[in-house]
Each structure stands twice: as C-alpha cells, then as structure tokens.
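Notes follow once the structure below has been shown.
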Amino acid sequence: MENNKGNNLTIAGTDIDEVKRLNSQSGLSYNEVKLKLAKEYVIKTGSKTI
C-alpha cells in the first residue's frame, strides 16, 4: 500500500479517510435506529422490557 499525498489508501485505491468522512455524515446506523425505536416503544407502552 502506498501513500499518495498523505492519503490513507487501500490496495485497491480507496481513500479510507474519505470513506470515514462520508460515513460520519450518513445519519443513523441500523443498530442506532433499532435502539431508538425500542426506547420509543418502552416510553409509549410503559413496558419494562422490549
């Protein structure tokens, strides 16, 4: 793996730092959505368990 102008690249040429930057802007992950929905369900139903 070679560094090109300080970029962190994979062997295939993917810019890892760019991927991380884009992922951070993409919104909630699947697991974050599940957790949010579960918390809302508990609040709405008054249930102690999910």
Side-chain angles (χ1 to χ4, degrees):
M1 173 169 53
E2 287 184 34
N3 273 345
N4 186 12
K5 299 179 185 174
N7 291 336
N8 194 9
L9 301 176
T10 65
I11 293 171
T14 302
D15 185 340
I16 295 170
D17 296 324
E18 178 72 3
V19 170
K20 287 180 180 181
R21 184 185 69 77
L22 292 172
N23 284 345
S24 71
Q25 297 175 354
S26 67
L28 297 175
S29 71
Y30 176 77
N31 286 332
E32 290 169 330
V33 170
K34 284 191 342 182
L35 181 60
K36 183 172 177 61
L37 290 173
K39 286 179 180 178
E40 289 177 9
Y41 174 80
V42 169
I43 291 169
K44 182 177 179 182
T45 64
S47 176
K48 303 257 186 229
T49 60
I50 299 172

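Atom set for the values below is all heavy atoms of this structure, side chains included, hydrogens, waters and symmetry mates excluded. Everything numeric here is computed off the predicted structure, so don't read it as measured data. We number each residue from 1, following the sequence as shown.
The CG atom of L9 sits 8.0 Å away from the OG1 atom of T14 when rounded to the nearest 0.5 Å.
Proximity of K20 to N23: side-chain heavy atoms (C-beta onward) are nowhere separated by under 4.5 Å.
At a threshold of 4.0 Å, the pair E40-K36 counts as salt-bridged, since one of the basic side-chain nitrogens sits closer than that to a carboxylate oxygen.
Of all heavy-atom pairs between D17 and N8, the closest is OD2-CB, 3.5 Å. What you find for S29 and E32 is that their closest heavy atoms are N-OE1, 2.7 Å.
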Tell me, with the steps shown, if K39 and V42 meet side chain to side chain contact (heavy atoms under 4.5 Å, CB included).
CA-CA 5 Å; K39 286 179 180 178; V42 169; 5.8 Å; no

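Put simply, L35 and Y30 are part of two different groups of oily side chains (I, L, V, M, F, W, Y) that touch within less than 4.5 Å, one to the next.
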